Amino acid sequence: MEALPKKSKTGGRTMALLLPFVLFFFGLFFVSIYLFQTVVEETAYFSLLVGDTAPRAVEDLDTGFVPGERPAKLTRIPSIAYGKQFARLNVVWDGDGWEIVNIPVYLGADKSILKKGAGMSYASFFPGEGGCTIISAHVTRHFAELETTPVGATVLLETSYGPYRYTVAERFNGVKGTDRWYMDSSSNYDLILYSCYPRDNSGERRIERCVLCCTLVDGAEVAK
């Protein structure tokens with residue numbers, strides 16, 4: 001009776017040596033995904049960079065918000081919680097083209113907010129406070145036509161404490177993403193709308209911005 005060949009221990013030793021490296025690379029892969037989602041995508045700036053891939057028609061996502069009437073005198077801005085809708089945005093102009101209509105505006109501009117509508121920078125001013133209001137939204141969702149909005153277009157921001165009407169004074173297409181002047185709440189403009197640029201990017205990451213600078217035409221200011 002022939003003796004059975006002894007099993008080689010080389011293969012088992014090799015697997016034992018490789019296992020820690022395999023586990024390390026798998027762990028590194030999942031940690032990278034976690035960091036990307038929590039550190040990169042959760043910021044207002046990068047959530048605009050990592051936009052949606054397929055444009056879709058604007059929807060009226062207003063779920064219960066009621067715009068307020070203009071007060072005879074505005075003594076203070078009502079208390080508004082972060083992440084809550086406080087306004088509705090409409091941009092209209094004459095001529096051909098699509099209008100930006102019924103866009104819900106929330107306080108804050110993180111990833112979750114920009115999925116629902118437009119977000120007002122927490123560091124900027126509420127309409128009526130006397131400073132610059134800064135609002136952003138995804139170019140593949142609610143601000144898809146921002147880059148074609150002409151100078152002279154009317155912007156109506158209906159807040160919970162009254163309406164504010166602006167006119168587009170300047171539009172800048174192709175602003176470098178690292179050039180953050182449009183995030184300055186001390187701007188001479190009363191309202192800034194911005195999004196990624198261009199809308200049609202052939203699948204490439206958008207690293208530029210479209211910026212609309214607007215001046216106030218009508219709206220109640222907080223009494224001094």
Side-chain angles (χ1 to χ4, degrees), residues 48 55-63 65-74 77-78 80 85-107 109 113-114 116-121 124-175 181-199 209-222:
L48 286 174
R56 65 187 181 94
V58 163
E59 299 176 1
D60 185 355
L61 298 180
D62 184 359
T63 55
F65 167 77
V66 178
E69 298 292 334
R70 176 170 179 168
K73 183 179 181 180
L74 185 63
I77 302 298
I80 299 169
Q85 182 181 355
F86 75 95
R88 183 170 59 196
L89 177 69
N90 286 273
V91 184
V92 296
W93 59 90
D94 295 329
D96 296 331
W98 181 62
E99 298 177 345
I100 299 173
V101 295
N102 296 330
I103 308 302
V105 182
Y106 301 84
L107 176 58
I113 289 174
L114 294 177
K116 299 186 295 182
M120 187 189 101
S121 171
S124 66
F125 292 86
F126 284 100
E129 281 190 316
C132 183
T133 304
I134 302 172
I135 297 175
S136 60
H138 281 303
V139 69
T140 52
R141 290 191 178 190
H142 304 94
F143 278 2
E145 294 297 319
L146 202 70
E147 64 189 53
T148 57
T149 301
V151 170
T154 297
V155 180
L156 177 62
L157 195 59
E158 300 172 282
T159 74
S160 56
Y161 52 90
Y164 290 82
R165 190 178 302 274
Y166 306 83
T167 187
V168 177
E170 292 186 273
R171 187 188 75 209
F172 301 92
N173 287 349
V175 176
W181 59 265
Y182 53 88
M183 291 295 294
D184 185 0
S185 59
S186 64
S187 169
N188 292 327
Y189 294 102
D190 302 300
L191 172 68
I192 288 179
L193 307 178
Y194 77 93
S195 187
C196 288
Y197 178 87
R199 180 182 60 197
R209 299 289 177 270
C210 169
V211 182
L212 257 61
C213 300
C214 312
T215 54
L216 181 67
V217 175
D218 183 66
E221 295 284 328
V222 175

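Computed from a prediction, not measured in an experiment: that's the story for all the values here.
Shown here for Y106 and Q85, the closest heavy-atom pair between the two residues is CD2-N, 3.3 Å.
Note that CG of N188 is 9.0 Å distant from SG of C132, once rounded to the nearest 0.5 Å. Rounding to the nearest 0.5 Å places OG1 of T159 at 7.0 Å from CD1 of I80.
Considering only heavy atoms from C-beta on, Y161 comes within 4.5 Å of P127 through its side chain. With a 4.5 Å cut-off on side-chain heavy atoms, S195 and R209 do not count as touching. Side-chain contact check for I100 versus H142: every heavy-atom pair is 4.5 Å or farther apart. You'll find the side chain of Y194 reaches within 4.5 Å of the side chain of I134, heavy atoms only. At least one side-chain heavy atom of F143 sits under 4.5 Å from a side-chain heavy atom of L89. In this structure, the side chains of V175 and Y197 stay at 4.5 Å or more apart for every pair of heavy atoms.
Between F172 and W181, the two ring planes are perpendicular [angle over 60°; tilted spans 30° to 60°].
Counting heavy-atom neighbours within 6.0 Å of R171 CZ, excluding the residue itself, gives a total above 12.
Under the salt bridge (charged side-chain N to carboxylate O under 4.0 Å, His left out) criterion, E158 pairs with R88, sequence neighbours left out. Contacts of D184 classified as side chain to side chain donor-acceptor pair (under 3.5 Å), with partners at least two apart in sequence or in another chain: S186.
The backbone N or O of N102 lies less than 3.5 Å from a partner atom in the side chain of N90, making a donor-acceptor pair. Using modelled atom types, one side-chain atom of R199 and one backbone atom of A144 make a donor-acceptor pair closer than 3.5 Å. Not one N or O on the side chain of E145 forms a donor-acceptor pair closer than 3.5 Å with the backbone of E147. Not a single donor-acceptor pair under 3.5 Å links the side chain of T154 to the backbone N or O of V92. Within the 3.5 Å criterion, the main-chain N or O of I77 finds no donor-acceptor partner in the side chain of E129.
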Could you go step by step and tell me if L216 and Y164 meet the side chain to side chain contact (heavy atoms under 4.5 Å, CB included) rule? CA-CA 7 Å; L216 181 67; Y164 290 82; 4.1 Å; yes
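Less than 6.0 angstrom separates the ring centroid of F126 from the ring centroid of F86.
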Quick one: side chains of residues 67-74, donor-acceptor pairs under 3.5 Å with protein atoms, not counting sequence neighbours, listed by atom name and distance.
| residue | atom | partner | partner atom | Å |
| --- | --- | --- | --- | --- |
| R70 | NH1 | D218 | OD1 | 2.8 |
| R70 | NH1 | D218 | OD2 | 3.0 |

